[in-house]
Number of protein chains: 2
Amino acid sequence: MTMHTVVFMISADPEGARYKRLAAVLRTRINSGELRVGDKLPSEKDLKDEYGMARETIRKALGLLRGEGLIEVRQGHGTFVRGKGEGRIVKLAKGERATARMPTPTERHELDIPEGVPMMVITSSDGKEKLYPGDEIVITS
Amino acid sequence: MTMHTVVFMISADPEGARYKRLAAVLRTRINSGELRVGDKLPSEKDLKDEYGMARETIRKALGLLRGEGLIEVRQGHGTFVRGKGEGRIVKLAKGERATARMPTPTERHELDIPEGVPMMVITSSDGKEKLYPGDEIVITS
DNA sequence: AGTGATTTGTCCGTATGTATA
DNA sequence: CTATACATACGGACAAATCAC
């Protein structure tokens, strides 16, 4: 039995953009458990060297994953696998309605929502709105 | 009283990145009603000429708005102001829980969810999940 | 406290490909 | 077929945040 490191190649098949294929590879590395919550991904420079892409292309791939709420990027620090959130439970009162949308940058800052995480909006019958980070709330009847 | 066209300038105050300020300007032009649902935004080239930024910078600004579900970009066609969705109402059954997250590219394609729109996940007590585009659903108790 | 190295953020310019009108 | 418009990719440069020492 030969010991070997698993190298996740970018498929030579030119199906789709390179940054999308790289994102798919990284998504697999995360979902497969090779990279766990809190783990640091390779730096953009390392990914650039490893996959032979321009840094901008690497960043586009990371941007996709960030948009899915799968990773968190901290300037000067690194890129990390994000957790799923606690799942605080909120009971929907009579007449209240819940919907989801993406927050504006202002709302993101005020509610401390990371990029790529939606927002849950609960509207009561009088029109007042309550806002929650979408990954930290579960609604029950 | 002087008649004048309102020109949305990029504030000279260098607060934040240029693409974020441009996004804020465009967001205002949309929310103020100057640009309505379905309206076409200026082309990337026009925005580039108008604001004197590189096209990549323009695209980053548009990317922000796309990430908020505010605009829709169609290759070879243009950039358009997105509608808010219908608001189909779904009643939450006993034991069901609702949460929101961003869809993966696969889920986006299968549910025909535009970029920047979250997904509502309704989980029943037996673990089965129902998926809805987040901007086309409203949940009531 | 400070300095340098690392890492991500922003911005620019250019070129080419793909989709639509 | 041509022109327009968005998509992808590369390269370079400097700024800003963080870390290691």
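The model shown is predicted, which means the values in this text are computed figures rather than measured ones. Protein chains get the first letters and strands the later ones, always in sequence-line order, with residue 1 at the start of each.
Taking the nucleotide of DNA chain C with the nearest heavy atom to each of A:Arg74 and A:Glu56, the more 5' of the two is matched to A:Arg74.
Side-chain atoms of A:Pro105 and B:Arg27, non-hydrogen and from C-beta on, do get closer than 4.5 Å to each other. Side-chain contact between A:Ile139 and A:Met120 is present, with at least one heavy-atom pair separated by less than 4.5 Å.
For the pair A:Lys20 and D:dT8, the criterion of a side-chain N or O lying under 4.0 Å from OP1 or OP2 is met. The phosphate of C:dC12 (OP1 or OP2) has a side-chain N or O of B:Thr57 nearer than 4.0 angstrom. Between B:Lys60 and C:dC11, a side-chain N or O to OP1/OP2 separation shorter than 4.0 Å is absent. Residue A:Tyr19 has a polar side-chain atom (N or O) positioned under 4.0 Å from OP1 or OP2 of D:dT8. For D:dA5, the OP1/OP2 oxygens have no side-chain nitrogen or oxygen of B:Thr79 closer than 4.0 Å.
Between C:dT20, D:dC10, C:dT8, one nucleotide has an atom nearer to the side chain of B:His77 than all others, and that is C:dT20. When the nucleotides D:dC10, D:dA7, C:dT8 are ranked by their closest atom to the side chain of B:Arg66, D:dA7 comes out on top. Side-chain proximity of A:Arg18 to the nucleotides D:dT8, D:dC10, D:dA13 is greatest for D:dC10. For A:Gln75, whose side chain is taken as the heavy atoms from C-beta onward, the closest listed nucleotide among D:dA7, C:dG9, D:dA9 is C:dG9.
The separation between A:Ile58 atom CD1 and C:dT10 atom P is 18 Å, rounded to whole Å. Spacing between atom CG of A:Leu22 and atom C1' of D:dA7 amounts to 17 Å, rounded to whole angstrom units. As a whole-Å value, the separation of A:Glu44 CD from C:dG9 P is 6 Å. Note: CG (A:Leu47) to C1' (C:dT6) measures 15 Å, nearest angstrom. Atoms CZ (B:Arg59) and C1' (D:dA5) sit 10 Å apart, rounded to a whole Å. Rounded to an integer number of Å, the gap from CG of A:Leu41 to P of C:dT8 is 9 Å. At whole-Å resolution of the value, CD in B:Glu72 and C1' in D:dA7 are 16 Å apart. Summarising the geometry, the separation between CZ on B:Arg55 and C1' on C:dT10 is reported as 18 Å, rounded to the nearest angstrom.
A salt bridge links B:Glu96 to B:Lys130: at least one charged side-chain nitrogen sits closer than 4.0 Å to a carboxylate oxygen. Between B:Arg66 and B:Glu72 there is no salt bridge, since none of the side-chain N atoms of the basic residue sits less than 4.0 Å from a carboxylate O of the acidic one. In this structure, A:Arg101 does not pair ionically with B:Glu68, as no charged nitrogen and carboxylate oxygen lie closer than 4.0 Å.
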